[in-house]
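Worth knowing before you read on, the calculation uses all heavy atoms, side chains too, and leaves out hydrogens, waters and symmetry mates. We count ligands from 1, going down the list as the structure has it; atoms in each ligand are counted the same way.
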Amino acid sequence: MEKSNPQGKLLIGHDDCNHSKNESLEDILAQRLNRRDVMRLSAGFLGTAFFGSFMAGCNTEETTTSAVAATALLSFTPVAKNMNDAVTVATGYTSKTLYRVGDPIKLGVTDYLNDGTDTDFDSRSGDCHDGMKYFGLKSDNSGYEIANSTNGLMCINHEYINQNYLHTVAEVAAINNASRVPAQVDKEMSAHGVAIIKITNGGTGFALDKTSGYNRRITAATPINLQGVAAGSSYMITPYSTTGVMTRGTVNNCANGYTPWGTYLTCEENWNGYFKYSTTGRTAKEVVAFSRYGLGTNSRYGWESVYTQWMATVTGTDATADYRNAPNTFGYVVEIDPFNPTSTPVKHTAMGRFAHEGCWPAKVTVGKPVVFYMGDDSKGEYIYKFVSTQNWDAADATGGLTAGAKYLDSGTMYVAKFNVDGSGNWLKLDIAETAIADYTTYDFADAADVAIHSRIAADAMGATKMDRPEWGGVHPTTGEVYMTLTNNSNRAKSGSYGLDAANPRYYTDTYNTTTTNKGNVNGHIIRWKETGGEAAATTFTWDIYLFGAQSAVDAGGDDVNYQANINVSSLTADNDFSSPDGLWFSDVSKGLMWIQTDDGAYTDTTNCMLLAALPGSVNDGATTAITSKLVPTNGTADQTITTYVGAKPGTTKLKRFLVGPKDCEITGITETPDGKTIFVNVQHPGEDGTTTALTSHWPDGGTARPRSSTIVITKNDGGIVGI
Ligand code: FEO
Ligand code: CA
Ligand code: CA
Ligand code: CA
């Protein structure tokens with residue numbers, strides 16, 4: 001996504017649509033237990049064995065069984081922060097560009113001119129590369145081979161577009177959203193979506209194979225099936241599908257996921273901005289629903305001026321006569337079978353509808369449900385999980401979309417509540433829950449209504465408002481779940497929700513000595529351990545693994561107890577960062593976690609980056625009091641929040657591995673099954689430039705327009721990346 005925008009640029013998405021009255025954890029702070037105190041008191045009465053199991057993971061003195069790799073890992077020298085228009089990777093590693101916006105993915109497509117005149121984006125790389133996943137392909141190209149590290153299919157999200165670089169200078173200057181040029185809209189819709197490309201390493205590094213029949217684009221115009229509880233419901237009826245079982249297109253495909261049965265998951269994030277909406281002719285209930293999802297009267301690109309499918313207004317006699325319901329067909333987890341190039345993608349409605357960042361599986365166990373973790377990336381939104389009705393059968397490991405229907409079309413949705421005592425609850429989103437059935441703000445009609453309006457059901461259940469959930473990941477050995485909370489400029493703002501134990505920081509940061517940003521400016525990473533190690537558990541224990549921060553205080557910044565209250569994780573110049581977004585665990589180097597940034601707060605000092613981390617486990621750190629200087633923002637006194645902070649990483653367990661080019665976001669990371677190659681996406685380099693005043697020429701150099709690209713990183717000695 002475009003940078004998080006502390007400097008006043010137009011920000012699309014991430015706006016706070018959550019005005020529910022959920023109890024803030026701050027409101028029940030008086031209930032707080034100091035877990036160390038509880039342990040100390042209780043041990044004397046109950047014995048540590050009993051109480052230790054009862055409070056599993058809650059005490060900082062607990063002996064953990066974490067399988068964290070030895071500190072010999074992360075043997076590379078950290079990369080210094082910089083603002084170069086280049087990819088800077090750790091010494092001993094090489095970075096090469098593999099796949100740039102506009103690159104042909106089929107034979108017979110002309111090379112990209114990159115001057116705004118190119119067309120044929122159905123046969124080229126889309127724009128703004130984001131989440132991605134490598135799937136091994138048999139050497140004879142006949143199907144899925146999970147362990148193949150030299151031949152693979154890469155699924156890549158193309159989240160949105162940079163109009164400045166997609167069209168000519170004159171065309172950009174003439175863009176009028178009220179009356180778009182059809183050919184330009186076609187180009188923009190085709191530059192969205194997902195790409196599946198075959199890549200092969202014949203010994204000299206990976207290259208795209210333009211001859212492969214697997215190569216295809218899924219765009220904002222591709223037919224997609226609707227499946228699960230809301231498919232075929234009245235909410236989904238459109239002129240395109242009068243039975244409500246199909247829609248066209250997927251947009252704003254941000255992060256991703258994958259399934260244990262060999263398919264790709266792409267997630268629809270800020271889809272609301274693509275529709276032009278009006279309250280005219282709507283029921284009061286519809287107005288509540290569309291408002292909660294941030295629909296607005298002006299669309300992002302004006303596509304509705306050419307195609308009515310983006311015009312979410314009531315103009316006809318019923319839903320078969322206009323696209324009033326079209327927004328209900330967006331906001332889902334979308335499943336794609338990369339190995340079946342003629343298959344139709346599927347939107348899984350049972351996994352809820354919100355600004356889906358990504359969808360990350362827990363490890364599967366035969367005979368137990370399949371579990372996925374998901375975040376809703378907007379300010380003050382929630383963390384969810386889906387638990388399948390069907391139990392995992394290893395025979396489905398290559399089951400493709402048939403297995404997808406089996407596991408993802410029926411299940412239970414939960415939303416997370418983070419309690420002040422370090423425990424957590426997964427609250428069921430079900431029409432049978434009294435809080436949902438009796439919710440006065442919105443009169444839920446049925447299970448389809450709950451699935452389509454996850455946010456409202458989560459409001460009713462009293463979920464915890466988070467600081468913009470971005471990527472998540474499951475530690476491959478401990479099973480603990482990590483999720484980035486990238487930043488939040490609304491937290492503790494006047495009239496907004498307050499601080500709580502899981503979102504405990506508010507402070508002032510300066511940018512270029514001229515601007516100040518307030519809130520949780522640099523973000524943090526939360527993690528949790530499911531009770532009993534069961535992914536489907538309904539309770540958990542949590543702490544905050546890591547806080548983003550500058551290692552050094554700004555001149556003129558908030559320097560009162562800076563290290564204690566802002567740089568809580570004691571970051572150093574070798575690993576300080578802001579706005580964690582991407583987060584991903586290597587499956588090869590067990591315990592190696594990568595953190596990627598999408599920042600607009602520390603970019604006066606450094607471009608966005610990739611860091612490598614060796615996290616421990618929940619509650620390996622200390623109960624910590626953080627004081628926020630709320631005065632004079634909302635007129636209340638300074639506030640101290642007690643929270644649970646993971647062991648500080650020091651200089652050995654968190655290191656900066658890469659810094660990207662100017663104005664970019666670092667995102668989308670995946671590896672070959674041998675861990676010797678990682679792929680990283682560089683999104684929107686030169687985003688702050690214009691057609692006539694470029695701020696970046698990466699990756700082509702000279703006077704070229706900047707291009708979002710996938711890069712390939714290998715270790716020069718042929719070893720496993722990162723260790
Ligand atoms: Fe598309 Fe949440 O970043
Ligand atoms: Ca982002
Ligand atoms: Ca600063
Ligand atoms: Ca993101």
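Checked against side-chain hydrogen bond (donor to acceptor under 3.5 Å, both in side chains), Y414 has no partners two or more places apart in sequence or in another chain. S496 is linked by a side-chain hydrogen bond (donor to acceptor under 3.5 Å, both in side chains) to nothing, counting only residues two or more places apart in sequence or in another chain.
E269 contributes atom OE1 as its closest N/O/S atom to atom 1 (Fe) of ligand 1. As for E470, its N/O/S atom nearest the Ca ion (ligand 2) is the one called OE2. The atom name of the N/O/S atom in E357 closest to atom 2 (Fe) of ligand 1 is OE1. The atom of D377 nearest to atom 2 (Fe) of ligand 1 is OD2, with the search restricted to N, O or S atoms. Sorting the N, O or S atoms of E470 by how far they are from atom 2 (Fe) of ligand 1 puts OE1 first. Within E159, OE2 is the N, O or S atom that lies nearest to atom 1 (Fe) of ligand 1.
Using a cut-off of 2.8 Å, one finds that D598 contributes no N/O/S atom close to atom 2 (Fe) of ligand 1.
Proximity of a side-chain donor or acceptor of N177 to a complementary backbone N or O of R300 within less than 3.5 Å is detected.
Expressed to the nearest 10°, the angle at the Ca ion (ligand 2) joining OD2 in D581 with OD2 in D598 is 90°.
For an aromatic pair to be called close, the ring centres must be under 6.0 Å apart, and H158 with F121 fails this.
Put simply, the residue from Y384, W528, F386, W360 that forms a ring-ring contact (aromatic ring centres under 6.0 Å, His included) with Y373 is W528.
Residues Q639 and T627 are not in side-chain contact: their nearest non-hydrogen atoms beyond the backbone lie 4.5 Å or more apart.
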